[in-house]
Amino acid sequence: MVEPDPFCNIIPIINKNNDCSLVSSVKLYQILQKKPRLRINSLPSNPTSSVEQVVPVTKLDDKETLKMYSELLQDCSVKGSLYNGKAVHGQVITSGIKPDSYLWICLVNMYVKCGSLELGHKVFDEMPERDVVSFTALIAGYSAAGNGYEGIGLFRQMRIEGILGNGFAFASALKSCSMCLALEFGKQMHGEVVKLGVLGDVFVGSALVDLYAKCGEVELSEGVFFNIPERNVVSWNALLNGYAKIGDGKRVLNLFLKMYESDVRFSKFTLSSVLKGCASLGNSREGQIVHSLAIKMGTELDGILSSCLVDMYSKCGLAEDAQRLFVRVLNPDLVAWSTMIACLDQQGKTYEVTKLFADMGKAGLRPNEYTLASVVSASTNLSDLRYGKSIHACICKSGFDSDKSVSNALITMYMKSGSVQDGFRVFKAMEDRDLISWNAFLSGFHEGDACSQAPIIFSRMVMEGFKPNRYTFISTLRSCSNLSDMSFGRQIHGQVVKNHLQTDDFVGTSLVDMYTKCGCSESAQKVFKRMKVRDLFTWTTVISEYAQASQGEQAFECFRQMQREGVNPNEFTLASCLRGCSTISALESGRQLHSQVIKSGQSCDVFVTSALVDMYGKCGSIEDAEEVFESSVSRDIISWNTMICGYSQHGDGEKCLETFKCMLTEGIQPDEITFIGVLSACSHVGLVEEGKRHFESIKEVYNIIPTIEHYACMVDILGRAGKLDEVENFIEKMNIKPNALIWQTVLGACKMHGNVEFGERAAEKLFQLEPETDSTYILLSNIYAAKGMWDDVRKIRSKMSIQGVKKEPGCSWVEINGEFHTFLAKDSSHPKVKEIYLKLEELNQELKVAGYVPNTQFVLNNVSDEEKKESLVYHSERLALAFALISKGPAKPIRIFKNLRICGDCHNAMKLLSDVIDRDVIIRDVSRFHHFQNGSCSCRDYW
């Protein structure tokens, strides 16, 4: 028995019905070896019969033999049977027959169609003569396999050999150009297509449309499309996909309408491009129409189309519709899962993302880089670092830790979670960082000590050749804002101008924020005025920054300008503007805002009501604050704290403590701010023992760690009560190192009770901690002056002069008809100074009648008694009162604000004057409010 060729175990043969059947080849191979040029006329009806007995054969000539082999190879190509094709090829070799050009082409075509490009190329290289058909077969094979560069190379070789292309050759080569985006070479081919007159070929035309569309040259693509004589569904789809890729949804819909009106039958690929266009427009109405077409075609739940439908509903903000569609898809593929996960992530449905990701794992699908990037993004919003780290472990296990988009998502997640070291490790491990990587890394250096690293990172990024974009500048400017580093902020501003982003409104908002927080309102105003588009967010940001920087006038002026430009405020705008009024005690402006709050329907918003309570409290109208608080529908911890601190500032300790008890009754747990208000109230009304109980409860009852502010309040409680020995013991036992606030409180108590020794020790501590603070020198000087220690007074003032410290001048201001009027002691700059002084003289006469005697001990200058008495008359708060009385207006309470502590003599005078003029006088000094009414003060002289 002759051994069969190992290259060929099975031979396909053609029976009378032209069916390709497989038979045992051992005996047939022996027959062909002995009689190689035989035609097999029929197959045995009995498979077990001997082939030699039942198969009649006739002798074949060379031409017929070549034809037989060619037919067999064509059949293998159609069936994709590489194994049988190799068998036929082996028989061709062993037969010794010389293949003609057609058989060579059939061999190349068979290997290409059966997926063995390497063997096909080997056969191609052995061909004695190659024509356009053999080149085309191989080019088409490489195109189908996704190897566009090899296809282009073969086309070049064909042209070098002087072979002109036909329609199929150009179509295949243009497809290769589309794959590797070889636009310039494709344009050269386009010229040759026109020259040879094959542009009318529908396949060539479609390939050119596809090439230009995929390379982003949609205008050229459309130009070719409308100039080719015949347009099929492939060319329509190519152009539609080109516009969908660049996000021109409007053009996609217009083209689809033209396609629909023509008689071209569209496919699921057509609908997928149209859905992408609807998604880019956020147009759910047209998207739903396309959805109905997909249902009509029966392709709604097709893998590609269902993913596009999910994506469309997601980008149109219809996450529920996307989910309803997704759950109906049978065995969704990875693309569908990833699209749905990305949809939920974009809609902020974090928990749903984590659940769907778990379900995907249960379905046996491994995530890809797009899925993982979406899940990492969701874990960022979840603020669950532990879950984020578990996803990171999954990423490493899946081998996607080197993927750029996944790494960028991880950096963002770690930086936003405050895990800067983990973010840095991922950033450092990246081999190919892009601008997104740098921006993600920069996003973690906005707060705390980390802010100082942002300028260094920005500089390093620029040195490595990356061009910053708007997000880079926004992050860096935010760090400059928190650092109050205007010097580096100005350098960034220069880079913004250099990169032509000075007109970008988001960058402009960040610049305004930086300049405002750095105290440079002039530069902030210039940037803000240059901004072309100022939406509600921008206005609110600017107003908020002015309010936080205690520039209430600018905040309110911005608010007015915003309304003039037709921008309506929201609850955040109103709350920010109300805080601006609080900082400057602008009651009239605050009242106007309150009316606007009611008009806009925002009076139930908890942020707005808290801001209203705060505004009225700080503007001296605690009754209005109380009314807003009582009428509010919902009250959170901020609302309660605002009311408690308001009562405390106004010296109403009883109502403050009563409100605290009501808060506890309603189940609201106090926080650090609550106890600052409660302890301050105890201090203002002298409730020493109750203050001690509340201080002890902070940690023991409510498990809150006392802050330095709480300790300062306790020092103030003991100090005001004159228990300075207890103050010393308390400070020694503190768990926190005493800072300047503690020693300032001690020094104030020493000044109140005339304790020179303890005052000197407290002042010495303050000189070490804050040598430039003027109040330390003034308080110590006043302690000496009250004791008549004038030599020591001169020494302190001399030291103050040497240190370059200047005393802040005492001033008072009053709001009349929405306008503020400020006065210094002995001020003569006001336009109505003569009328003010005449009124003041009148008031002094009435005071004398009421029994007023000047208390000269509050004049801490070494001058005569007459000079002391005269200086008391012209204190700033008395000038403000006189001006308020001469101003026309209803007999409302007079509210005066002072930047320093009111002196004892003015306090006595105001009590008498409130009775003399029969008006309520409310004065807010640096520490609290004093309500003067009918000859008495709300502080009960304990201040």
Side-chain angles (χ1 to χ4, degrees), residues 7 62-82 84-180 182 185-186 188-199 201 203-204 207-208 211:
F7 189 70
D62 288 350
K63 187 175 181 181
E64 288 176 319
T65 303
L66 290 170
K67 183 180 179 184
M68 179 188 72
Y69 285 133
S70 297
E71 287 173 351
L72 289 170
L73 287 167
Q74 285 176 8
D75 191 70
C76 291
S77 299
V78 171
K79 302 294 184 182
S81 178
L82 178 63
N84 295 334
K86 284 182 177 180
V88 176
H89 190 185
Q91 185 57 43
V92 170
I93 295 168
T94 57
S95 69
I97 192 169
K98 186 178 180 181
D100 60 4
S101 60
Y102 185 64
L103 183 58
W104 280 113
I105 291 168
C106 286
L107 280 165
V108 172
N109 190 56
M110 181 275 294
Y111 280 119
V112 168
K113 293 284 177 64
C114 292
S116 183
L117 284 168
E118 186 179 355
L119 291 175
H121 209 134
K122 283 183 180 179
V123 173
F124 177 81
D125 290 338
E126 291 173 5
M127 289 178 68
E129 292 184 7
R130 295 182 290 230
D131 59 5
V132 67
V133 180
S134 56
F135 268 104
T136 302
L138 199 55
I139 292 169
Y142 277 112
S143 296
N147 192 341
Y149 289 105
E150 195 69 36
I152 292 171
L154 281 165
F155 185 85
R156 280 179 173 155
Q157 186 180 343
M158 183 184 80
R159 296 299 292 117
I160 290 169
E161 292 182 13
I163 301 169
L164 291 174
N166 59 16
F168 293 110
F170 280 113
S172 299
L174 284 166
K175 185 179 178 183
S176 295
C177 291
S178 298
M179 286 176 179
C180 51
F185 189 71
Q188 294 176 35
M189 290 178 65
H190 188 178
E192 196 164 352
V193 163
V194 174
K195 186 177 178 182
L196 295 172
V198 293
L199 186 60
D201 186 289
F203 298 107
V204 175
L208 274 168
L211 166 69

(message) When you measure from the side chain of Asp131 to the backbone of Ser134, do you find a donor-acceptor pair of N or O atoms at a distance under 3.5 Å?
(response) yes
(request) Give a yes or no on whether the backbone of Ala169 and the side-chain of Ser172 come within a donor-acceptor separation of less than 3.5 Å. (result) no
Non-hydrogen atoms of [X] and [Y] that approach each other most closely:
{"X": "Ala207", "Y": "Ser178", "result": "O-OG, 4.2 Å"}
{"X": "Leu103", "Y": "Ser70", "result": "CD1-OG, 3.6 Å"}
{"X": "Ala173", "Y": "Met189", "result": "CB-CE, 3.2 Å"}
{"X": "Ala182", "Y": "Leu211", "result": "O-CD1, 4.3 Å"}
{"X": "Gly85", "Y": "Cys76", "result": "N-SG, 3.5 Å"}
{"X": "Ser176", "Y": "Gly148", "result": "CB-O, 3.3 Å"}

A side-chain contact here means heavy atoms from C-beta on lying under 4.5 Å apart; do [X] and [Y] qualify?
{"X": "Ser95", "Y": "Thr65", "result": "no"}
{"X": "Glu129", "Y": "Trp104", "result": "no"}
{"X": "Leu154", "Y": "Met158", "result": "no"}
{"X": "Leu138", "Y": "Val112", "result": "yes"}
{"X": "Glu64", "Y": "Met68", "result": "no"}
{"X": "Ile152", "Y": "Arg156", "result": "yes"}
{"X": "Leu73", "Y": "Leu107", "result": "yes"}
{"X": "Leu199", "Y": "Leu208", "result": "yes"}

(message) Taking side chain to side chain contact (heavy atoms under 4.5 Å, CB included) as the definition, give me every residue that meets it alongside Ala137, ordered by chain and number, with sequence neighbours left out.
(response) Val108, Asn109
(message) Once side-chain hydrogen bond (donor to acceptor under 3.5 Å, both in side chains) is applied, do any residues pair with Glu192, and if so which ones, sequence neighbours excluded?
(response) Arg159
(request) Would you please test Val204 and Leu174 for side-chain contact (heavy atoms from CB on, under 4.5 Å) and show each step? (result) CA-CA 8 Å; Val204 175; Leu174 284 166; 4.2 Å; yes
For the atom pair [atom1] ([X]) and [atom2] ([Y]), what is the distance rounded to the nearest 0.5 Å?
{"X": "Met179", "Y": "Asn147", "atom1": "CE", "atom2": "CG", "value": "9.0 Å"}
{"X": "Asp201", "Y": "Leu196", "atom1": "CG", "atom2": "CG", "value": "12.0 Å"}
{"X": "Asp100", "Y": "Cys106", "atom1": "CG", "atom2": "SG", "value": "8.0 Å"}
{"X": "Phe135", "Y": "Met127", "atom1": "CZ", "atom2": "CE", "value": "9.0 Å"}
{"X": "His121", "Y": "Asp125", "atom1": "NE2", "atom2": "CG", "value": "4.5 Å"}

(request) Might you confirm whether atom CZ of Phe124 has over 12 heavy atoms from other residues, nucleotides or ligands at distances under 6.0 Å? (result) yes
(request) Assess whether atom CZ of Phe185 is packed by more than 12 heavy atoms of other residues, nucleotides or ligands within 6.0 Å. (result) yes
(request) Flag the pair Phe170 / Phe155 as yes when their ring centroid distance falls below 6.0 Å, and as no otherwise. (result) yes
(message) Once salt bridge (Lys or Arg N to Asp or Glu O under 4.0 Å) is applied, do any residues pair with Glu161, and if so which ones, sequence neighbours excluded?
(response) Arg130
(request) Check each of Lys122, Lys86, His89 against Tyr111 using the side-chain hydrogen bond (donor to acceptor under 3.5 Å, both in side chains) test, and report the only one that passes. (result) His89
(request) Apply the test side-chain contact (heavy atoms from CB on, under 4.5 Å) to residues Lys63 and Lys67: give CA-CA distance (whole Å), side-chain angles for both, the deciding distance (0.1 Å), then the verdict. (result) CA-CA 6 Å; Lys63 187 175 181 181; Lys67 183 180 179 184; 5.9 Å; no
